[in-house]
2 protein chains.
Amino acid sequence: MNELEDFLALKDRFIPQLSVDCVIFGFHNQQLKVLLLKLKNLDLWALPGGYVEQSEGIDDAAQRILEERTGLRDIYLEQFRVFGSADRSTKEFIQKIMEVHHPESMNDPWVLQRYVSIGYYALVDFSKVNPTPDFLSEYCEWFEMKQLPKLAFDHREIIQKALETLRITLDSKLVGSNLLPETFTMMELQSLYETILEMPLRRNNFQRKMLSLDILERIEKLYTGAANKAPYLYRFKKS
Amino acid sequence: MNELEDFLALKDRFIPQLSVDCVIFGFHNQQLKVLLLKLKNLDLWALPGGYVEQSEGIDDAAQRILEERTGLRDIYLEQFRVFGSADRSTKEFIQKIMEVHHPESMNDPWVLQRYVSIGYYALVDFSKVNPTPDFLSEYCEWFEMKQLPKLAFDHREIIQKALETLRITLDSKLVGSNLLPETFTMMELQSLYETILEMPLRRNNFQRKMLSLDILERIEKLYTGAANKAPYLYRFKKS
DNA sequence: TTGTTATTATCTCATTATGGGACAATAATA
DNA sequence: TATTATTGTCCCATAATGAGATAATAACAA
């Protein structure tokens, strides 16, 4: 496990006791998804995360972590909350993880210290992501928000809080332009909003609202082969 | 400077390279004010701030710092953003501050390290605050938002960001109940909103809006001695 | 060719919210 | 009793939103 040794040796590169956790949202098959990592030899999943280098801004750290897990650069990223309550009970989890990988590391009190974690949420085009695990994990997979697996630390709470923030900022930020592919139908856009808000919206009023914002460009019709009127394709206007 | 030595000796009590800065808002004489500290022997002011103890939650740390500077407990507090860009240039300021107080401390690389700071804003009843400086400062005073003095670090930016957040959340949070005294007139409430939003509002529409929210209780009339109709006093409903 | 069917795109109307002016009520004073 | 400066409401035009109704149309079946 040389990687881990390297990691422990490099601890001076990072700000101690501070981590960054990223809730990466994607949208696929009318469902909101989150990218998670399966921890090696444990029946536990975790958010993509990492540490902040001494010479690195926190937003840069988040971008770096995101690029490592998705292969994408310049991702839409939003800081939403710091998780630093005294009872985050990260110790028990780190203990579990470290015991499995490298029992000797337990002698180094550094790994067992309490962490304060900065929560970011990211919006990505599902189809462009290349999920890549890190050295503590064996897989990297998308999970539907409704069916999250068993999560380490307080990561379930972090995901929940990220979604709440996303909901609140839904109509002030252009969420769609980051979660949807280049072109999409009005129904797909509506379905995205309904999924995030967890409530049905009316087709007619939703379309009126979206068109009135003057942020969409109507391209051509999409002929799906279905026996009904073909919907228009839209894209977000450039600026 | 024994206090400082104690402080340096106690560094293991705190999470390193992490600080908390509090933007404490008050409202007085129709003006929005911020509580600031005057750094000893320097022509510089700074936000009340501090470090997070190893066994302390970050919100608890903020409450502790707030209590030390204002004498108030259970203050309305909201985390709004983390400041951790690589170029926060805190070093030059810390250097300035430490040179003045304790040149020997400069040998300890700890004090010169880069910091990541969690920004909180607090809303307090101006009249109840007892401003109290900390060991690095000589005064603790209220400043009008429009006339801030020369500020250390990136504290001006932090204050600006806090105000922006306050504006955005103005109608979802009950800002008034924290910034105003127990009872107040409709005009005072409106004046608070106008000051925060930096825009004039219409008396009739503002009153209609506020009353329709069903959060205010009308008490009795306030006879000021002025030659005009006496305004009602209001208080925020309990629950 | 001509219906049929399932959607999509719009239109319309009622209801509610908001902007902005007008007016009546009233506490102290002249 | 009249005056004055505010305060509390009312009214109406306009904008935004909720909810049903109707027209357009792409593929398929008859």
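Chain letters run A, B, ... following the sequence lines, proteins first and then strands; every chain starts at 1.
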Any side-chain heavy-atom pair of A/Lys209 and A/Asp171 under 4.5 Å: no
Side-chain heavy-atom pair B/Glu144, B/Leu32 within 4.5 angstrom cut-off: no
Given [N], is OP1 or OP2 found less than 4.0 Å from the side-chain N or O atoms of [X]?
X	N	result
B/Gln207	D/dT9	yes
B/Lys209	C/dT18	yes
A/Arg202	D/dG20	yes

From [atom1] of [X] over to [atom2] of [N], roughly how many Å is that when rounded to an integer?
X	N	atom1	atom2	answer
B/Tyr193	C/dT18	OH	C1'	16 Å
A/Asp171	D/dA16	CG	P	14 Å
A/Phe184	C/dT8	CZ	P	15 Å
B/Leu213	C/dT16	CG	P	17 Å
B/Asn204	C/dA25	CG	C1'	16 Å
A/Tyr234	C/dT8	OH	P	11 Å
A/Leu211	C/dA9	CG	P	9 Å
A/Glu188	C/dT8	CD	C1'	14 Å

Considering only [options], which nucleotide approaches the side chain of [X] most closely?
X	options	answer
A/Met186	D/dG8, C/dA22, C/dA9	C/dA9
B/Asn228	C/dA9, C/dG20, C/dA27	C/dA27
B/Arg203	C/dA9, D/dG20, D/dG8	D/dG8
B/Lys229	C/dA25, D/dG20, C/dA22	C/dA25
A/Pro231	D/dA5, D/dG8, C/dA9	C/dA9

Side-chain-base donor-acceptor pair under 3.5 Å for A/Arg208 and D/dG18: yes
base_contact_polar (C/dG20 base, B/Asn205 side chain, donor-acceptor, <3.5 Å): yes
side-chain hydrogen bond (donor to acceptor under 3.5 Å, both in side chains) between B/Glu53 and B/Tyr51, intermediate numbers included: CA-CA 6 Å; B/Glu53 292 183 16; B/Tyr51 306 103; over 6 Å; no
Pairwise 5' ranking along DNA chain D for B/Arg218 and A/Ala226, keeping only the more 5' one: B/Arg218
Flag, side chain of B/Lys128 to backbone of B/Gly71, donor-acceptor distance under 3.5 Å: no
Verdict with reasoning, A/Arg73 to A/Glu67, per salt bridge (Lys or Arg N to Asp or Glu O under 4.0 Å): CA-CA 6 Å; A/Arg73 303 185 67 108; A/Glu67 187 177 344; 3.2 Å; yes
